[in-house]
Amino acid sequence: MIDGLSLDLDLPKTLNKTLPKNLTFYEFPVKEEDFKTAVIKGLTKPQKELSPRFFYDQRGSDLFEGITRLKEYYPTRVEKKIMDHHAKDILFVTREHTIIIEPGSGNNEKIAALLNILPQVKCCIPIEISGNHLLENSMILAKNFPKVNIVAVASDYMNPSIHLHNLVPGYHNPLIFFPGSSIGNYSPNQVIEVLKQFTHLMRGKGRLLIGVDLKKDPNILEKAYNDKEGITAAFNLNALYHIKRELALDELIPVYFEHHSEYNAELGRIEMHLVSKVEQQFEIDGTIIHFDQGETIHTENSYKYTLDEFVHLASKAGLNLNNYWMDDNELYSVQLFNHQPDS
């Protein structure tokens, strides 16, 4: 124990300083597929694809923050308005929850906003895969909320070996907070598995407060992912810049690709692709990656749901709708579920 920090990893030198007494840090490593292996595997499929994780180096994170501030990109702005407008209602229906868990907490801004409207919370558990990033942001969170016990968990939130009840004395009836329409990045079948993992974290009792983007006019959706300033395009292309730098691929020329996204009405999702503007190829560790002109790399999906569709999916994970809130234009929803005790 070092100044309130319990470590299962070596503390980075840059963070080796006095830490808030209300901060505890744990790491549950998950063996990820090797960066190079994952790139080769994705780019040799019949439909070439890259995981959205390749968007996120420091530049990618900065670009995504820029996206959330765009006029066209409504989810972040509308979700905040819903939370602010219905703060009293949300407090009333979650007043018995003194523990909050945020899987994929990012920079902790959204969990901080929720802590501001839920004064009864005594313990906050942000879960984020990047240990250094999590620790830096959790130090800020702990200093801003000195009366809240911050238990930061560095891991993939889908890691089945996470047993939060062993880390937090009196762990009972947690509120899981999953904002930002992050659930839309999963296919419907994957959504069920993610929600089942959340019920695992609940230990059978608790609730889920989740942001879900709704089906709407395709023009609104397509504008949100094709902004005039080109920030979303830069974010999409950053996957290639990230790969080029990490794997030292001089032959990979990201400007030979362009961003494309469109709404697939049949599947109910926005699809993002990178389109090769020319016939080209490059080599990764002896593997030739060839592109025909117009061939694409599928980089991300963002599924949209009606309220009934998402409630039906959640029921397959043993969750019942308890309450929900929407904006006046019904662009977005914040939904509250409780776990079915007999499921």
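The figures here come from the full heavy-atom set of this structure, side chains too, leaving out hydrogens, waters and symmetry mates.
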Practice task
Kindly say whether Trp325 contributes a backbone atom to a donor-acceptor pair with the side chain of His86 at under 3.5 angstrom?
Solution key: no

Exercise for the section: Go through the steps to decide whether Glu309 and Lys215 satisfy the test salt bridge (Lys or Arg N to Asp or Glu O under 4.0 Å), and finish with yes or no. Expected result: CA-CA 10 Å; Glu309 284 173 340; Lys215 288 183 175 177; 3.0 Å; yes

Practice task
Give the C-alpha distance, both sets of side-chain angles, the deciding distance and a yes or no for side chain to side chain contact (heavy atoms under 4.5 Å, CB included) between Tyr225 and Phe235.
Solution key: CA-CA 10 Å; Tyr225 294 84; Phe235 176 69; over 6 Å; no

Problem - Side-chain H-bond candidate by donor/acceptor type, Glu65 with Ser61, under 3.5 Å - result: no

Practice task
State, with a plain yes or no, whether a side-chain heavy atom of Ile125 is found less than 4.5 Å away from one of Val153.
Solution key: yes

Exercise for the section: Could you tell me whether the side chain of Leu114 reaches within less than 4.5 Å of the side chain of Met83, counting heavy atoms only? Expected result: yes

Exercise for the section: Run the numbers on Gln58 and Asp62 for side-chain hydrogen bond (donor to acceptor under 3.5 Å, both in side chains), then give the verdict. Expected result: CA-CA 6 Å; Gln58 185 58 54; Asp62 292 342; 3.1 Å; yes

Handout entry: Presence of salt bridge, Glu72 and Lys228, under 4.0 angstrom
Key = no

Exercise for the section: Indicate yes or no: does Asp84 engage Lys80 in a salt bridge with an N to O separation below 4.0 Å. Expected result: yes

Problem - Greater than 12 external heavy atoms within 6.0 Å of His312's NE2 - result: no

Exercise for the section: In plain terms, say whether Glu96 and Arg207 are close enough for a salt bridge, that is, a side-chain N and a carboxylate O under 4.0 Å apart. Expected result: yes

Problem - Whether over 12 other heavy atoms sit under 6.0 Å from Arg77 CZ - result: yes

Handout entry: Pair Tyr74 + Tyr332: ring centers closer than 6.0 Å
Key = no

Problem - Nearest-0.5 Å distance, OG1 of residue Thr98 to CG of residue Asn173 - result: 7.5 Å

Fill in the blank from the handout: For Ser105 and Leu134, the nearest pair of non-hydrogen atoms, with its separation, is OG-CD1, 3.8 Å

Exercise for the section: Would you check, one step at a time, whether the test side-chain hydrogen bond (donor to acceptor under 3.5 Å, both in side chains) holds for Glu271 with Asn301? Expected result: CA-CA 5 Å; Glu271 296 180 359; Asn301 292 320; over 6 Å; no

Exercise for the section: Please name the pair of heavy atoms, one in His133 and one in Asn107, separated by the smallest distance, quoted to 0.1 Å. Expected result: NE2-N, 4.1 Å

Handout entry: Tyr171 and His165 aromatic ring geometry - parallel, tilted or perpendicular at 30°/60° bounds
Key = tilted

Exercise for the section: Evaluate the side-chain proximity of Leu91 to Ile117: yes if any heavy-atom separation is below 4.5 Å, no if none is. Expected result: no

Handout entry: Neighbour count above 12 (heavy atom, 6.0 Å) for Glu229 CD
Key = no

Exercise for the section: Report the distance from atom NZ of Lys196 to atom CE of Met158, rounding to the nearest 0.5 Å. Expected result: 10.5 Å

Exercise for the section: Could you please spell out the steps behind the side chain to side chain contact (heavy atoms under 4.5 Å, CB included) verdict for Lys147 and Asn22? Expected result: CA-CA 8 Å; Lys147 295 182 180 180; Asn22 60 325; over 6 Å; no

Exercise for the section: Take atom NZ of Lys81 as the centre, draw a 6.0 Å sphere, and report whether it contains more than 12 heavy atoms from other residues, nucleotides or ligands. Expected result: no

Fill in the blank from the handout: Only one of Phe178, Phe177, Phe337 passes ring-ring contact (aromatic ring centres under 6.0 Å, His included) with Phe198, and that residue is Phe178

Practice task
Please lay out, stage by stage, how Arg245 and Asp57 fare under the test salt bridge (Lys or Arg N to Asp or Glu O under 4.0 Å).
Solution key: CA-CA 10 Å; Arg245 185 185 68 254; Asp57 55 7; 3.1 Å; yes

Handout entry: Whether over 12 other heavy atoms sit under 6.0 Å from Lys216 NZ
Key = yes

Problem - Heavy-atom side-chain contact between Phe145 and Asn116 under 4.5 Å - result: yes

Handout entry: Mutual orientation of the aromatic rings belonging to His200 and His163 [parallel < 30°, tilted 30-60°, perpendicular > 60°]
Key = perpendicular

Exercise for the section: Answer whether the closest heavy-atom distance between the side chains of His260 and Asn236 falls below 4.5 Å. Expected result: no

Problem - Nearest-0.5 Å distance, OG1 of residue Thr299 to CZ of residue Phe55 - result: 4.0 Å

Problem - Verdict with reasoning, Leu118 to Arg95, per side chain to side chain contact (heavy atoms under 4.5 Å, CB included) - result: CA-CA 7 Å; Leu118 301 183; Arg95 63 192 182 280; over 6 Å; no

Practice task
Share the residues that join Phe257 in a hydrophobic cluster, the rule being Ile, Leu, Val, Met, Phe, Trp or Tyr side chains under 4.5 Å apart at the heavy-atom level.
Solution key: Phe35, Val39, Ile40, Leu43, Leu50, Phe54, Leu237, Leu240, Tyr241, Ile243, Leu247, Leu249, Leu252, Ile253, Val255, Tyr256, Leu274, Val278, Phe282, Ile284, Ile289, Phe291, Ile297

Practice task
Could you check Asn189 against Ser187 for side-chain hydrogen bond (donor to acceptor under 3.5 Å, both in side chains), going step by step and ending with a plain yes or no?
Solution key: CA-CA 5 Å; Asn189 286 337; Ser187 70; 5.5 Å; no

Handout entry: Heavy atoms of other groups near Asp328 CG, more than 12 under 6.0 Å
Key = no

Practice task
Taking the side chain as every heavy atom from C-beta outward, state whether Pro160 and Ile162 have any atom pair closer than 4.5 Å.
Solution key: no

Problem - Donor-acceptor pair, side chain of Asn238 and main chain of Ala234, under 3.5 angstrom - result: no

Practice task
Check whether more than 12 heavy atoms from other residues, nucleotides or ligands sit under 6.0 Å from atom NZ of Lys244, and answer yes or no.
Solution key: yes

Exercise for the section: Please test Leu175 against Leu209 for side chain to side chain contact (heavy atoms under 4.5 Å, CB included), starting from the C-alpha separation and ending with a verdict. Expected result: CA-CA 7 Å; Leu175 176 67; Leu209 186 66; 4.1 Å; yes

Practice task
Taking the side chain as every heavy atom from C-beta outward, state whether Ile82 and Val78 have any atom pair closer than 4.5 Å.
Solution key: yes

Practice task
Give me the ring orientation class for Tyr73 and Phe64: parallel if the planes are under 30° apart, tilted from 30 to 60°, perpendicular past 60°.
Solution key: perpendicular

Practice task
Answer yes or no: is there a donor N or O on one side and an acceptor on the other, between the side chain of Asp227 and the main chain of Ile231, under 3.5 Å?
Solution key: yes

Handout entry: Glu79 and Lys110, any side-chain heavy atoms less than 4.5 Å apart
Key = yes

Completion exercise
From the list His298, His290, Glu295, side chain to side chain donor-acceptor pair (under 3.5 Å) partner of Lys48 resolves to Glu295

